[in-house]
Number of protein chains: 2
Amino acid sequence: MTPKKPTPPATIYDVARKSKVSIATVSRVLNKKNSVVTEKTRLQVLEAIKELNFKPNISARRLVSNRTNLIEIFFHINNFPVNFKSDWYNGILVGATQVIQSHNLGLLINFLVGIPDPQEIVDRVFQNNVDGVLMISPSLEEKHLLELSRQSTPVVMVGHRAQSPDISFVDTNNIEASEMMVEHLINLGHKKIACLAGPIHNVQNAKDRLEGFKNAMAKHGLSVPKNFIVPSDGFIKHNGYDEMKKLLKLSEKPTAIYACDDMLAMGAWDAVTEAGLKVGKDISIAGYDDIPAVSVAPYSLTTIRQDMEGLSAAATRLLISQIKSPEGFVPSQQYESTKLIVRSSTGPAPK
Amino acid sequence: MTPKKPTPPATIYDVARKSKVSIATVSRVLNKKNSVVTEKTRLQVLEAIKELNFKPNISARRLVSNRTNLIEIFFHINNFPVNFKSDWYNGILVGATQVIQSHNLGLLINFLVGIPDPQEIVDRVFQNNVDGVLMISPSLEEKHLLELSRQSTPVVMVGHRAQSPDISFVDTNNIEASEMMVEHLINLGHKKIACLAGPIHNVQNAKDRLEGFKNAMAKHGLSVPKNFIVPSDGFIKHNGYDEMKKLLKLSEKPTAIYACDDMLAMGAWDAVTEAGLKVGKDISIAGYDDIPAVSVAPYSLTTIRQDMEGLSAAATRLLISQIKSPEGFVPSQQYESTKLIVRSSTGPAPK
DNA sequence: GCTGAGGATGTAAGCGTTTACAAGTTTTTG
DNA sequence: CAAAAACTTGTAAACGCTTACATCCTCAGC
């Protein structure tokens, strides 16, 4: 079928020959915006380019310019596909793509699944000579991030923050958002609030959300019994379910649950319902993320919404500015705002 | 902060100098698997590479090898974000990524949103000199697809089929799957079956599903009144809702609905419920796609499941084999299997 | 009409690799 | 032990482009 035409693609030499100019001139009409070339010659060259269907070889350009015009995005997922949140990742991807395309760059996508050797990650990052890296990783350790940012390739973390001031990131302020949410519960009269905290041992977001919880409780002079802070291995629905069951067995039960992730909240919801209690009335539940599932039946969850697309776009713009900044870039850490979405899962504390 | 070290990256020359061999030898230890180099020299070179932290410049490699080892995936979305089905696209992305990573290739991702000028699409496709292209487009016209496949870059369509035998694709067999679904309805005793057909004017999948519907009806000698075939502009929930409302107003109502897409089915479901009828009892509804939303409350939809990850992986493998095939490749068209998922939305035809 | 300035064009080097071919070294063989 | 065979290594060209520098024109100014 369709025998491939073995004609090798036209090069700049072919164009030069055909339009009777030198390759330098061809290159100039290709690259220089404000014409340094006679209009007549320019047209000749353009004509030849069209006739020969010439497309510049991008690898050659990249070699000589020492820029690939490529950005690579890394999705690091510990537990695939359990931790793969389509909507969250898609938001990031779409936000990044839009900015990247408007700058005429290319986007390479890379999934790091499981818990790969950190050195392997570092190697993978530099394997493609990309101009910059967007890193989405809930649990890459600080030192490896530092290792990345030490190289001359800018790296921006998206949706996760780092402690070190040398690491650029764009994230929401998980601490503040959590405080806001917990204050919402407190304002409803709740005093006995438990926190489904998720993987606080290795995920910064989880740590921060718990911190926000503690801050708000302390600020309002509320004490938190030890067993009201419930970590779990992941942000997984059955974690929320299991832990909620345990909470319901306590003699002194909480009247409200702050779940640091919507999946945990949904699990908790199921456990509460199963126990014959009504969410939002007998027990209030709040979540975090506003994934699509929590706004449709049977759920109607009060939660925190982050604009992932916007956040990702901001991160990408930051990355691009760092790439363009000629004499080394300065790490930059940005927080995007969040929104408290109130639905029927939170209500006044029962008397 | 972190002043960038301006040391330029080490080249193969630096390594050669340091290990006191020629660049050719360095290149050999880099590339040849079955050692053509003395073990002693090899170790020397490896040592120098490590000390200098040398990483081969991939642009140079690409230039000389005339291969980028890059594959580009195009998501063509007419109506963004309405037509952007996260799960469907993610399935494709994940399937492709897995195969690509296992082959040590890179994946560029590109969104074509709106209805871009077809010529622009063609240009975009060839702009990055990638080795192959995965194309996801519901509505790119045949002639432009042909234009793409005419170039020496292999293109494989994913999840959509083409008529021309010159265009490679991997898809499910929409016609057969539809037949299977409609026969399921017929076996339940339904005779008056309407089809929410979606955008049959410009989307091949929609055309095919309608064809499957017609085939099955004809095969069982059932006639289809003209107004039982209901096209719409898109596979959008409110299309299903609106059209279902109209169907419910007919004097001769259908007892079953075959919606060619889950979104249409969900919309129809809402309309039916709103009219005080019970889905699966008073009216049966079947969908297509098995998106996550149709398996949780309030929906429980009989539908067709396609394994998008598997399909995409198959497409990627096909693409890679075409890339590797030395003397031109042969277009190949593959159909992956589907599954009929029966839930409570379909039941026996009412008497 | 000549000089010189400034703009248009050409020449050639260089970007960092791979690889054909040549040259040199070691091993095998009779 | 010499010649042939088999390895190992080095030299240099090539991939297709950008760009510094050199050269050549054109035309203004006198």
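Proteins come first, then strands; the chains are lettered A, B, ... in the order of their sequence lines, and each starts at number 1.
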Check: Do the side-chain N and O atoms of B/D123 and B/Q127 include a donor-acceptor pair separated by under 3.5 angstrom?
Finding: no

With a non-hydrogen cut-off below 4.0 angstrom, is [X] in contact with a base, only sugar-phosphate, or nothing?
| X | value |
| --- | --- |
| B/S27 | base |
| B/R62 | nothing |
| B/S59 | nothing |
| B/K32 | sugar-phosphate |

Quick one: salt bridge (charged side-chain N to carboxylate O under 4.0 Å, His left out) pairs with a partner in [range], sequence neighbours left out?
| range | value |
| --- | --- |
| residues 34-45 of chain A | A/E39-A/R42 |
| residues 56-69 of chain A | A/R67-A/D131 |
| residues 152-163 of chain A | A/R161-A/D208 |

Item checked: Degree of bending, the helix from C/dG1-D/dC30 to C/dG30-D/dC1 (end axes from five pairs; round to 10°) ->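 Comparing the first five pairs with the last five, the axes sit 40° apart.
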
Side-chain ([X]) to main-chain ([Y]) donor-acceptor, under 3.5 angstrom:
| X | Y | result |
| --- | --- | --- |
| B/S168 | B/S332 | yes |
| A/S139 | A/N202 | no |
| A/S312 | A/I92 | yes |

Notebook entry, point to check: Taking 5' to 3' order, which nucleotide of DNA chain D is first and which is last to have an atom within less than 4.0 Å of a heavy atom in chain A?
Noted result: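 It runs D/dG16 to D/dT19.
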
Next item on the list: Mind checking ring pair (Phe, Tyr, Trp, His ring centres under 6.0 Å) for B/Y89 and listing every partner two or more places apart, or none if nothing turns up?
Entry: B/F75, B/F84

Next item on the list: Would you please name every residue forming a ring pair (Phe, Tyr, Trp, His ring centres under 6.0 Å) with B/H160, sequence neighbours left out?
Entry: B/W88

Margin query: Under the ring pair (Phe, Tyr, Trp, His ring centres under 6.0 Å) definition, can you give me all pairs with a residue in residues 9-58 of chain B, not counting sequence neighbours?
Written below: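 Pairs touching residues 9-58 of chain B that pass the test: none.
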
At a cut-off of 3.5 Å, list every protein nitrogen or oxygen paired with a nitrogen or oxygen from nucleotides 13-16 of chain C, distance to 0.1 Å.
none

Notebook entry, point to check: Nearest-Å distance, CD1 (B/I58) to P (C/dT18)?
Noted result: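 In whole Å, C/dT18 P lies 11 Å from B/I58 CD1.
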
Note to self: Using whole Å, what does the distance between atom P of nucleotide C/dA8 and atom CD of A/E39 come to?
What the structure shows: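 That distance rounds to 11 Å.
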
Side-chain donor-acceptor pairs under 3.5 Å in residues 103-113 of chain A, sequence neighbours left out?
unit_1: A/N110; atom_1: OD1; unit_2: A/R124; atom_2: NH2; d: 2.7
unit_1: A/N110; atom_1: OD1; unit_2: B/Q101; atom_2: NE2; d: 2.8
unit_1: A/N110; atom_1: ND2; unit_2: A/E72; atom_2: OE2; d: 2.8

Next item on the list: Using heavy atoms to find the nearest nucleotide of DNA chain D for A/S65 and B/S65 separately, return the residue whose nucleotide is more 5′.
Entry: B/S65

Notebook entry, point to check: Of the options B/V170, B/L145, B/D171, which is the one that meets B/M157 in a side-chain contact (heavy atoms from CB on, under 4.5 Å)?
Noted result: B/L145

Item checked: Sequence-distant partners of A/S137, side chain to side chain donor-acceptor pair (under 3.5 Å), two or more places apart -> A/H76

Under 3.5 Å between N/O atoms: give me all the protein pairs with nucleotides 23-27 of chain C, atom names plus distance.
none

